[in-house]
Amino acid sequence: MMVSFLNKVLIKKVVGVHIHTTDAEESFAAITLKLYKNKVEIADESRFETISQLLKSLKKSTPLFISVTGSKIINKVVDDNETHYLDSILFGKSPDDFYISEYVEDSIRMISLTRKALLNDYINKFQESGHSILGFFVGPFSLEKIKPLIGFNGSLSTPYGVYRFGKGLHSEAPLKMVEKTHIGEDVIGTESIFAFSGLINHLNPENIQSNFEHLNASNKEETVYKKAFNFFGAILLVGFLILLTTSYFLQSFYANKSAEIQYEVTLKNQEMGQIAILKQDLNYKKNIIIRSAYLKNENLMKVTIYEFDKKNNFIKRIEAESADITYLNWKLRNAKVIDKDGK
């Protein structure tokens, strides 16, 4: 359930890869499909001569579905009611040594199989290059699923041979080469037709049977969870970077504010210090003024001066008051004459 949900939510684009292999050569085709809720859209298609060219063109973030055809694939059509049909195809060889795909329709069983070593070699190259694989399909019978889309007329000419519906792919050269064919309202190159049909069978596996369903399910699960890990990991990374950036700006902001506050506190302390000094100076001067006025008004010290002439005859008596001897002369100059008779 979770895999199905994540698959629908996270996988919006897939690449169908077609490998056509013979004793003489091999060729590769790729088609990119965008997946929507009720439809698919062909985004790109191309063909390659070597697997290295194919690997360079593929994005590692986009999962793959592989279809394989060619002379190294054994194809057989039997009646659906027939039993032990694999024995007649494998001639006593173990089915465990083969990948076997079967398409069942209208009481006909279309079987394709190939040795596991052949397909595993290709799968390993994709995985070693960092690509995720959703699954794979063996043989040409995936075209049966899209028969209504291409306008069934008995056969379809492709660069890989002539495909006869219900019978399989035949290697004879087509009488007339068809480079493009209609798929519903879209047009697709026949070189990409098996890559496309393989993907359609993956998206709609009805009528498909295989002995590697568990492997496809495992590959799909691994791909989906890897996609989910990358997706949510990216979200967490972005969230962490946003948090880190916000923290940095907040730290810088509060550091600047702290510096401003400390500077203001320093200025305030300096001002308070200056005010304290001014207050001390003011108090000091106030004390001097108060002390001087107090001493002046309270007559704490009185000075009496008697003035005589040279013959020692009394002339006058002077009384003066002073708080400081330094002011004595001033006081004397401003002294009040009490009397002139010595009284």
Side-chain angles (χ1 to χ4, degrees), residues 7 10-22 24-36 39-73 99 114 117-140 142-143 146 150 156 158-161 163 169 177-183 186-203 215-216 219-220 222-231 233-234:
N7 182 53
L10 298 178
I11 298 182
K12 298 299 183 182
K13 183 186 292 187
V14 293
V15 175
V17 174
H18 173 218
I19 303 170
H20 186 74
T21 178
T22 66
E25 60 180 358
E26 58 183 8
S27 62
F28 306 87
I31 186 168
T32 303
L33 297 185
K34 292 182 179 180
L35 307 182
Y36 299 96
K39 67 174 185 176
V40 297
E41 177 183 313
I42 300 173
D44 181 61
E45 53 179 312
S46 51
R47 189 178 183 184
F48 306 90
E49 296 298 327
T50 65
I51 192 170
S52 60
Q53 293 175 348
L54 172 64
L55 292 174
K56 289 180 180 179
S57 71
L58 297 175
K59 294 182 179 180
K60 295 180 180 180
S61 59
T62 306
L64 314 177
F65 187 87
I66 300 172
S67 298
V68 58
T69 62
S71 61
K72 296 180 180 181
I73 310 298
Y99 287 129
T114 187
L118 172 68
L119 191 51
N120 286 343
D121 182 55
Y122 289 113
I123 292 174
N124 290 335
K125 289 179 180 178
F126 286 111
Q127 291 178 334
E128 289 171 359
S129 298
H131 297 281
S132 299
I133 298 176
L134 287 170
F136 55 90
F137 186 87
V138 178
S142 59
L143 282 186
I146 64 171
I150 59 179
L156 176 67
T158 75
Y160 318 105
Y163 182 82
L169 183 65
M177 183 63 199
V178 179
E179 295 183 355
K180 299 285 185 180
T181 186
H182 285 277
I183 300 291
D186 296 321
V187 176
I188 186 175
T190 53
E191 60 187 16
S192 306
I193 195 69
F194 289 105
F196 176 79
S197 62
L199 264 178
I200 297 302
N201 277 271
H202 164 68
L203 297 173
L215 187 56
N216 277 352
N219 286 331
K220 180 179 179 180
E222 180 181 351
T223 299
V224 169
Y225 281 129
K226 181 179 178 181
K227 194 80 172 178
F229 177 80
N230 292 336
F231 176 76

Legend entry - Heavy-atom closest contact (E45 atom, S192 atom, distance): OE1-OG, 2.9 Å

Legend entry - Non-hydrogen atoms of I73 and G139 that approach each other most closely: CG2-CA, 4.0 Å

With [X], which residues qualify under side chain to side chain contact (heavy atoms under 4.5 Å, CB included), at least two apart?
X   : answer
K34 : K13, Y36, E41, A43
D44 : T32, S46
K56 : none
S71 : T22

Considering only heavy atoms from C-beta outward, does the side chain of [X] approach that of [Y] to under 4.5 Å?
X    : Y    : value
L64  : L134 : no
V187 : T181 : no
S27  : R47  : yes
I183 : I193 : yes
I150 : H182 : no
T190 : P159 : yes
V68  : F136 : no
L58  : F126 : yes

Inset, instruction - Write out all pairs satisfying ring pair (Phe, Tyr, Trp, His ring centres under 6.0 Å) with one or both partners inside residues 42-66, taking only residues at least two apart or from two chains. - result: F65-H202

Legend entry - Contacts of type ring pair (Phe, Tyr, Trp, His ring centres under 6.0 Å), residue F196, not counting sequence neighbours: none

Legend entry - Y163: partners by ring pair (Phe, Tyr, Trp, His ring centres under 6.0 Å), with sequence neighbours left out: F165

Looking at residues at least two apart in the chain, or sitting in another chain, which of them share a side chain to side chain donor-acceptor pair (under 3.5 Å) with [X]?
X    : answer
N120 : Y99
S129 : none
S142 : S197

Inset, instruction - Give the C-alpha distance, both sets of side-chain angles, the deciding distance and a yes or no for side chain to side chain contact (heavy atoms under 4.5 Å, CB included) between L203 and L35. - result: CA-CA 10 Å; L203 297 173; L35 307 182; 3.9 Å; yes

Legend entry - Donor-acceptor side-chain pairing of Y122 and Q127 below 3.5 angstrom: no

Inset, instruction - For K125, enumerate each residue passing the salt bridge (Lys or Arg N to Asp or Glu O under 4.0 Å) test, keeping only those at least two apart in sequence or located in another chain. - result: D121

Legend entry - Stepwise side chain to side chain contact (heavy atoms under 4.5 Å, CB included) test for H20 and L169: CA-CA 12 Å; H20 186 74; L169 183 65; 4.2 Å; yes

Legend entry - Whether H18 and Y160 hold their rings parallel, tilted or perpendicular, with breakpoints at 30° and 60°: perpendicular

Legend entry - Gap between atom CD of E179 and atom OG1 of T158 - 0.5 Å precision: 12.0 Å

